[in-house]
Number of protein chains: 2
Amino acid sequence: MTGPIREPLNFAGNCDRSPSIRDVARAAGVSYQTVSRVINEHPNVSDTTRAAVLATIAQLGFRPNRAARALAGGPAQAVTVLGSNTTLYGFAAALEGIEEATREVGFGMGFRAVEARSPADIPDVVERAIEPAGTLIVIAFDKPGALALECVPLEVPTVAMIQAPTEGAEPTRPSVWIDEFAAAKEATEYLLALGHPTVHHLPIPSWPRTTRRMEGWRAALAEAGVRMHEPLQGGWTSTWGYEAGAVLARDPNVTAVLCGNDDIALGAIAAMRDAGKRVPADVSIVGFDDIPYAQFFAPPLTTVRQDFKALGRAAFAKLLEISNSPRTLPPAAAPQARLIMRHSVAPAPQVAPSASEASGSEARSPPPGR
Amino acid sequence: MTGPIREPLNFAGNCDRSPSIRDVARAAGVSYQTVSRVINEHPNVSDTTRAAVLATIAQLGFRPNRAARALAGGPAQAVTVLGSNTTLYGFAAALEGIEEATREVGFGMGFRAVEARSPADIPDVVERAIEPAGTLIVIAFDKPGALALECVPLEVPTVAMIQAPTEGAEPTRPSVWIDEFAAAKEATEYLLALGHPTVHHLPIPSWPRTTRRMEGWRAALAEAGVRMHEPLQGGWTSTWGYEAGAVLARDPNVTAVLCGNDDIALGAIAAMRDAGKRVPADVSIVGFDDIPYAQFFAPPLTTVRQDFKALGRAAFAKLLEISNSPRTLPPAAAPQARLIMRHSVAPAPQVAPSASEASGSEARSPPPGR
DNA sequence: TAGGGTGTTGTGACCGGTCCCATCCGAGAA
DNA sequence: TTCTCGGATGGGACCGGTCACAACACCCTA
């Protein structure tokens, strides 16, 4: 009935497979359970034994097998990031921050795309992305990401990276964000102080409601008692920025534009140029994000820098927290947004700004060298 | 001696764990081995049994547990991508292509960064990235990636994405690349045909030796019998492009520059502008890669488009091949490089190009609408 | 009718960890 | 001295798949 019993190959030194805890145990003269306790930093192991086991682990080059751990129901040790994109700067930088943080604590990082082109497939993709003992970070800046987030069952340890929520609208799941309200307000006030009668806004898509950067813009205009145009629906790309910018370029009253991101700003600048308007002499443009290219735009872009990498790190830190993992990440400051002044902003044309304002702005925005 | 035997909870319908092959087997009235054969598309299963099992799988929503498969020594079902970067366009686009391909065949995709800042850590990072039953794609466009590639033991199924190898220098491991020799040559010839006495080159780093795009440039100049300057060491970023461009801007003989990538081109354009030179009236600039921003540069950038996404897909297809996985990807055409003509190129200044050349170039490069 | 191949199915062991439980031992309290 | 208790350690079962092997048809040939 029973076939020939194969001799297990687990005697140390004579095996091409990587060593297991049983190999370590044998070499250290303890049981495999003790080895397990040592690698999981269980308190009830004597110092002598622990030291001996650790030495053997180092000597044999033992590394715990992730698959076996996951199978046996150990603590989570991998994250899958769900997002609609890897080429947009914010997404890529967030990914980089997450990766770095996971590497520090020995987690694996996976990525799965939820495609904007096929929203109907998203629930299925999300379901496949969820694995037993797995965790998730969902980049929910945009609609596909938010859709994906909704598909994730509550029992899956998940952190969402989201647009900053509006006042009183608490996110339903553990989330991280950068609140750019203050920076958007500051940027708008900066433009108003330079004599621009109003500031137009080319937003990123407002989803599900409005963005904090738009609220900051609104607040600045409201405080200044300045009329406000109703912003368009919004977009993400330079192409959209070009089209929207072309519309604004036809309006001679437009002298200052706050763009929802740097991609839009780049498109808007191109549209202005093609319409024969000079930036910043005729129209001032401010971007959002500070992508690495921004300082080489023509003109170098004044923009609000956002630390997406730090945001990614924060997301993973929160994930460790909520999945009560034994590992932790050193606490870090909340990622900030702040205005970077370059050369795409100038005093309003025609209406000569007062000397104090002009010199003040000069003093306030010493263009940094590249 | 033996404690109380816990009744296994694996009876279908009464269990909060996701169903296992044993649950499926019980529900379908077959053995678990038969279920295993069905999900692995083993030929020796009768059609009747197969249909019954598949129906049960669908009904129970069974999905094979990846960790268990990996542990039991099944075929590979995940790739880890090793690369120095996620924010550079070429890297991010390649990642996107790999992800899409893995998703199609049910593979997982991980990412691990090998940081340029700390080359000494690379061997360690690579070692940790290798898992039993795991596979690797190494993005070895740059030095950290190439370093990482060298650390990978030969027995690990690995595909490298590399700079196209020079003639006769066969890569030692399975590799994919885009051969941009012809496109670089074409771009250079295009500039020469517009009357530029020579074409300068701002290369990406040549590592380990020279790049195919540089060889294409050299070949065009050699064929035209034109003098050639010795190119600089090379860099990746706009910052480097700005610095190198500033040097070229001082030389009045420089009227045409072929840049190793679009980032460099953007920096070079900025440097020319800051030096008071007009692009393309005084200096023509050609880039490489065609990043999404390129068409919105000032002026819109003439560049060589490379299909990194297709390259990523090809890398994964080759990985499936060499790891003799049961899954395959539909064959696709080799990713190409081709010249995209926009507005950063003009006939050489001063030396008036002949009418036929000028009109020819106009006819050849109808600037695409944005 | 016996013998041999082929196709189909089932059983046992195993991958490398983790959990639960049992055992052993020494110290302090009754 | 005996009992209790907690720290240190070990053994067995198990996670959900895969592999190797055995068993049982069934058909074809000799």
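Numbers restart at 1 for each chain; the letters A, B, ... are given by sequence-line order, proteins then strands.
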Where [X] and [Y] come nearest, the two heavy atoms and their spacing:
X: B:P165; Y: B:I162; result: CD-CD1, 4.3 Å
X: B:P335; Y: B:A310; result: CB-CB, 3.8 Å
X: B:L136; Y: B:V79; result: C-CG1, 4.0 Å
X: A:G83; Y: A:F111; result: O-CZ, 3.7 Å

Compare the minimum distances between each of [options] and the side chain of [X], then state the nucleotide with the smallest one.
X: B:L71; options: C:dC15, C:dG10, D:dG17; answer: C:dC15
X: A:I39; options: C:dC15, D:dG10, C:dT18; answer: C:dT18
X: A:A72; options: D:dG17, D:dA20, C:dG16; answer: C:dG16
X: A:A68; options: C:dT9, C:dG17, D:dT18; answer: C:dG17
X: A:Y32; options: C:dG10, D:dA13, D:dG17; answer: D:dA13

Could you tell me how far apart [X] ([atom1]) and [N] ([atom2]) are, to the nearest whole angstrom?
X: A:R66; N: D:dG16; atom1: CZ; atom2: C1'; value: 19 Å
X: A:E41; N: C:dT18; atom1: CD; atom2: C1'; value: 16 Å
X: B:R69; N: C:dG17; atom1: CZ; atom2: P; value: 21 Å
X: A:R37; N: D:dG11; atom1: CZ; atom2: P; value: 11 Å
X: B:Q33; N: D:dA23; atom1: CD; atom2: P; value: 16 Å
X: B:R22; N: D:dC15; atom1: CZ; atom2: P; value: 8 Å
X: A:E131; N: D:dG17; atom1: CD; atom2: P; value: 12 Å
X: A:H42; N: D:dG10; atom1: NE2; atom2: P; value: 14 Å

Show me the protein contacts with nucleotides 6-8 of chain D, counting only N or O atoms at under 3.5 Å.
from, atom 1, to, atom 2, distance (Å)
D:dA8, OP2, A:N44, OD1, 3.3

Side chain to side chain donor-acceptor pair (under 3.5 Å) involving B:Q59 - partner list, sequence neighbours excluded: none
SB check B:R173 B:E150 (cutoff 4.0 Å): no
Rounded distance (nearest 0.5 Å) linking atom CD of A:Q77 with atom CZ of A:R66: 5.5 Å
Atom pair CZ (B:R313) and NZ (B:K318), whose distance is rounded to the nearest 0.5 Å: 15.5 Å
Presence of A:T34 side-chain N/O under 4.0 Å of D:dT9 phosphate oxygens OP1/OP2: no
Any B:S31 side-chain N or O less than 4.0 Å from OP1/OP2 of C:dT9: no
Ring pair (Phe, Tyr, Trp, His ring centres under 6.0 Å) between B:F107 and B:F316, worked out: CA-CA 10 Å; B:F107 267 51; B:F316 182 66; 5.3 Å; yes
Axial bend angle, the helix from C:dT1-D:dA30 to C:dA30-D:dT1: five-pair end segments, nearest 10°: 60°
Criterion side chain to side chain donor-acceptor pair (under 3.5 Å) on A:T34 and A:R50, from CA distance to verdict: CA-CA 8 Å; A:T34 301; A:R50 184 192 316 280; over 6 Å; no
Sugar-phosphate only, base, or nothing, as touched by A:R63 at under 4.0 Å among non-hydrogen atoms: sugar-phosphate
